[in-house]
There are 2 protein chains.
Amino acid sequence: MKNSQLYKGSLTTIVMTLLGENGRMYGYEITQKVKEITKGELKITEGALYPALHKLEAEGVLEVEIENVDNRLRKYYKLTEKGTTETVNRLAELEDFIRNMQALVQPKLDTI
Amino acid sequence: MKNSQLYKGSLTTIVMTLLGENGRMYGYEITQKVKEITKGELKITEGALYPALHKLEAEGVLEVEIENVDNRLRKYYKLTEKGTTETVNRLAELEDFIRNMQALVQPKLDTI
DNA sequence: TTTATTACATAAGATTATTATGTATATAGA
DNA sequence: TCTATATACATAATAATCTTATGTAATAAA
């Protein structure tokens, strides 16, 4: 996940948001989508992603559909009803977070 | 630090930026300043702040001046030369981070 | 005199991520 | 054909960071 520590804590928000936008996705697809959207600046590692997906599933935020495509396993994840509600909250928190961070660094950011 | 996980990883960036803006500050002052700027939305806990300050000092990012004010100890921290350079990098990383998070959350806006 | 505020500190435990490793199939290129 | 790369999942050891709880101690307010 790059050099920056800042992405720590943002993984589940990213995953839930992407699932909210795209309906359903499988793990590998999520890593590629994130890489594409951030132009390679953010690379989700498998060691972080898969345990996170399992945890979200265990919490009832995601549900999974296993499919076999080209003789290869795929686990499609999508938001549950609970997950959709949580995602709305997460997005509100992200907005607050960004606003607060900008307020904290405002004067310096303008000079870059 | 509120309910949101998003602030994880942002503590040192916040501390370094505030010190860059204010010259020198002591720990308790930092907690109050952050609370003030974020209107109470972000509360830096002491258990997170003090170890972080000690680590930054050990890394040569911060230097400390101990003073006695009203018979009470104060440890003023300020950026070293190295710390100032690092802070510029941190702010650039923060900008990238915010830009990437916004792109991930609003992919449709990018195509307009 | 009790509570809240100021001001530092650390330790146990939880959470999260990195790094390394493993399995397995498919495909492209030398 | 062999090798490397891509696809697609997974886990375990370790590292880093934060929360929660606790501790010391002085000042100020109720």
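Each chain gets a letter, A, B and so on, in the order its sequence line appears, and its residues count up from 1. Worth knowing before you read on, the calculation uses all heavy atoms, side chains too, and leaves out hydrogens, waters and symmetry mates.
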What is the separation between atom OH on B:Tyr7 and atom P on D:dT19, rounded to the nearest whole Å?
12 Å

Taking the side chain as every heavy atom from C-beta outward, state whether A:Thr17 and A:Thr13 have any pair of such atoms under 4.5 Å apart.
yes

Listed nucleotide nearest any side-chain atom of B:Lys55, set D:dT17, C:dA17, C:dC8
D:dT17

Please list, in numerical order, the residues of residues 71-80 of chain B that have a heavy atom closer than 4.0 Å to any atom of DNA chain C.
B:Arg72, B:Leu73, B:Arg74, B:Lys75

On DNA chain C, more 5' by nearest nucleotide between B:Gln32 and A:Thr12 is B:Gln32

Please pick, from D:dT19, C:dA7, C:dT19, the nucleotide with the shortest atom-to-atom distance to any side-chain atom of B:Tyr26.
C:dA7

Assign A:Glu29 to base, sugar-phosphate, or nothing according to its heavy-atom contacts below 4.0 angstrom with the strands shown.
nothing

For the residue pair B:Arg74 and B:Asn68, establish whether any side-chain heavy-atom pair is separated by less than 4.5 Å.
no

Rounded to the nearest Å, what distance is computed from the NZ atom of residue B:Lys8 to the P atom of nucleotide D:dC18?
7 Å

Rounding to an integer number of Å, can you tell me how far A:Ile44 CD1 sits from D:dA10 P?
16 Å

Whole-Å distance, B:Gln5 CD to C:dT16 P, equals 5 Å

Before accepting this row, confirm whether a basic side-chain N of the pair B:Glu67/B:Arg24 lies closer than 4.0 Å to the acidic partner's carboxylate O.
yes

Per atom distances to the A:Ala48 side chain, the nearest of D:dT11, C:dT10, C:dA17 is C:dA17

Output the rounded distance in Å from NE2 (A:His54) to P (D:dA12).
12 Å

Would you please confirm or rule out a distance under 4.0 Å between OP1 or OP2 of D:dT19 and any side-chain N or O of B:Thr45?
yes

Can you tell if the side chain of A:Leu19 reaches within under 4.5 Å of the side chain of A:Met16, non-hydrogen atoms only?
no

Under 4.0 Å between a side-chain N/O of A:Tyr50 and OP1 or OP2 of D:dC9, yes or no?
yes

Under 4.0 Å between a Lys/Arg side-chain N and an Asp/Glu carboxylate O for B:Glu65 and B:Lys75?
no

Can you run down the salt bridge (charged side-chain N to carboxylate O under 4.0 Å, His left out) pairs that involve residues 44-60 of chain A, sequence neighbours left out, and say none if there aren't any?
A:Lys55-A:Glu59

Closest approach to the side chain of B:Pro51, judged atom by atom: which nucleotide of C:dT10, D:dA10, D:dC18 is it?
C:dT10

Test item: A:Tyr7 and B:Asn100 side chains (from C-beta on) under 4.5 Å apart, heavy atoms
yes

A:Leu49 atom CG is separated from C:dT18 atom C1', nearest whole Å, by 14 Å

At under 4.0 Å between heavy atoms, what does A:Gly47 touch on the DNA or RNA strands: base, sugar-phosphate, or nothing?
base

Whole angstroms only, please: what is the CG-P distance between B:Leu6 and C:dA17?
11 Å

Interatomic distance, A:Asp70 CG vs D:dA8 C1' [rounded to whole Å]
12 Å

